[in-house]
Amino acid sequence: MEPLTPREFRKLYAIPYDIEKRQRRIEQLEAIQAEGPQSASDVVKSSSGEGNACILSHATVTGTDISFTRRENEIKRLKRTNVQQRKKYMYGLSLIESCDDCEMRALLTAVCTEGKKLQIVAVELMEKGMDVGPEAIRSRVDRWIKKNVMETDDKK
């Protein structure tokens, strides 16, 4: 698995949506594939005869349409991508859960996994009695990501 970049970590909230859209595309392609391979045919020039005699005629050639194989390959590629994205998402969640500070964990969850705007998070915290502004939240989250996500990437 490719490690998460800090940018990907900040946008963890988008990964489930991305997976869902890709899954819909897989289902659409599989529905088309369920009909089986489409046969293709074409008329080509052919030659026949014995010795020096050469008689030109036409022959019909049939086979499987290449789009069936292309769709199969596309389905496999999309499924592989979804597996990789699920791993990245679970890895990102485990990084957040490994944070010892419950306040920082709440900030990371709100900003990175729920995709909340910094202003909204600041208002929610203010309602709970914590006076932290959006810029302070941004700098705390950025510092944590730089320290923890980059360190983890370097170990791999």
Side-chain angles (χ1 to χ4, degrees), residues 1-42 44 60-156:
M1 177 189 87
E2 289 181 27
L4 274 172
T5 65
R7 180 184 171 137
E8 288 173 322
F9 187 85
R10 282 184 187 90
K11 295 185 179 205
L12 278 175
Y13 62 88
I15 292 177
Y17 179 78
D18 181 42
I19 291 170
E20 179 185 329
K21 293 299 179 189
R22 197 174 294 106
Q23 186 60 40
R24 284 189 193 160
R25 179 70 179 137
I26 291 168
E27 289 166 6
Q28 289 171 346
L29 290 172
E30 285 178 337
I32 294 169
Q33 291 297 85
E35 299 170 8
Q38 302 294 317
S39 62
S41 62
D42 198 7
V44 295
T60 302
V61 179
T62 59
T64 304
D65 187 11
I66 190 72
S67 62
F68 184 81
T69 306
R70 286 183 183 149
R71 275 192 300 270
E72 278 296 315
N73 292 337
E74 181 66 5
I75 290 169
K76 287 177 187 174
R77 187 188 68 74
L78 292 171
K79 285 182 176 182
R80 264 192 321 271
T81 303
N82 265 358
V83 167
Q84 291 170 343
Q85 291 299 310
R86 280 188 192 97
K87 286 180 182 178
K88 283 184 174 187
Y89 186 71
M90 295 308 294
Y91 176 69
L93 292 180
S94 70
L95 273 178
I96 291 172
E97 288 303 315
S98 70
C99 179
D100 295 336
D101 182 0
C102 64
E103 187 177 309
M104 189 69 225
R105 203 169 38 248
L107 292 176
L108 291 167
T109 299
V111 174
C112 299
T113 61
E114 296 173 5
K116 290 184 179 180
K117 302 267 187 226
L118 297 171
Q119 294 81 357
I120 293 172
V121 176
V123 169
E124 288 175 354
L125 290 175
M126 194 177 301
E127 290 171 354
K128 301 212 184 292
M130 297 167 48
D131 191 21
V132 181
E135 284 307 312
I137 293 171
R138 178 190 316 276
S139 65
R140 285 185 69 187
V141 167
D142 287 348
R143 258 193 326 267
W144 189 91
I145 290 172
K146 187 173 183 177
K147 179 181 178 201
N148 295 282
V149 176
M150 296 297 272
E151 278 184 16
T152 307
D153 288 351
D154 292 340
K155 291 178 187 174
K156 291 190 175 192

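- Taking CG from Asn148 and CD1 from Ile96, the interatomic distance works out to 10.5 Å, rounded to the nearest 0.5 Å.
- Here Gln119 contributes atom CD and Glu135 contributes atom CD; the two are 8.5 Å apart, rounded to the nearest 0.5 Å.
- Around the CE atom of Met130, the shell of radius 6.0 Å holds more than 12 heavy atoms that belong to other residues, nucleotides or ligands.
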Apply side-chain contact (heavy atoms from CB on, under 4.5 Å) to Gln85 and Lys88, showing your working.
-> CA-CA 5 Å; Gln85 291 299 310; Lys88 283 184 174 187; 4.2 Å; yes
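- One distance of note links OH of Tyr13 with CD1 of Ile15; it measures 10.5 Å at 0.5 Å rounding.
- Among residue pairs with one or both ends in residues 122-149, those qualifying as ring pair (Phe, Tyr, Trp, His ring centres under 6.0 Å) are Phe9-Trp144; sequence neighbours excluded.
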Only pairs under 3.5 Å count here: list side-chain donor-acceptor contacts from residues 99-111, not counting sequence neighbours, and write none if there are none.
{"unit_1": "Asp101", "atom_1": "OD1", "unit_2": "Glu103", "atom_2": "N", "d": "3.1"}
{"unit_1": "Glu103", "atom_1": "OE2", "unit_2": "Arg140", "atom_2": "NH1", "d": "2.6"}
{"unit_1": "Arg105", "atom_1": "NH1", "unit_2": "Cys99", "atom_2": "O", "d": "2.4"}
{"unit_1": "Thr109", "atom_1": "OG1", "unit_2": "Arg105", "atom_2": "O", "d": "2.8"}

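- Sorted by first and then second residue, the salt bridge (Lys or Arg N to Asp or Glu O under 4.0 Å) pairs involving residues 117-129 (not counting sequence neighbours) are Lys116-Glu124.
- Every residue meeting the side chain to side chain donor-acceptor pair (under 3.5 Å) condition with Arg22, not counting sequence neighbours, appears here in chain and number order: Asp18, Asn82.
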If you look only at distance, which donor and acceptor atoms sit under 3.5 Å apart when one is on a side chain in residues 24-31 and the other is two or more places apart or in another chain?
{"unit_1": "Arg24", "atom_1": "NH2", "unit_2": "Glu20", "atom_2": "OE2", "d": "2.8"}
{"unit_1": "Glu30", "atom_1": "OE2", "unit_2": "Lys79", "atom_2": "NZ", "d": "2.9"}

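- Pairing each heavy atom of Ile145 with each of Cys112, the nearest pair is CD1-SG, 4.1 Å.
- No side-chain heavy atom of Ser67 sits under 4.5 Å from any side-chain heavy atom of Ile32.
- Legend: residues meeting salt bridge (Lys or Arg N to Asp or Glu O under 4.0 Å) with Arg77, ordered by chain and number and at least two apart, are Glu74.
- Taking all atoms of both residues into account, the shortest heavy-atom contact from Gly133 to Ala122 is C-CB, 4.1 Å.
- The closest side-chain heavy-atom distance from Ser94 to Met90 is not below 4.5 Å.
- At least one donor-acceptor pair closer than 3.5 Å links the side chain of Gln33 to the backbone N or O of Phe68.
- For the atom pair CD (Gln84) and CD1 (Ile19), the distance works out to 11.0 Å, reported to the nearest 0.5 Å.
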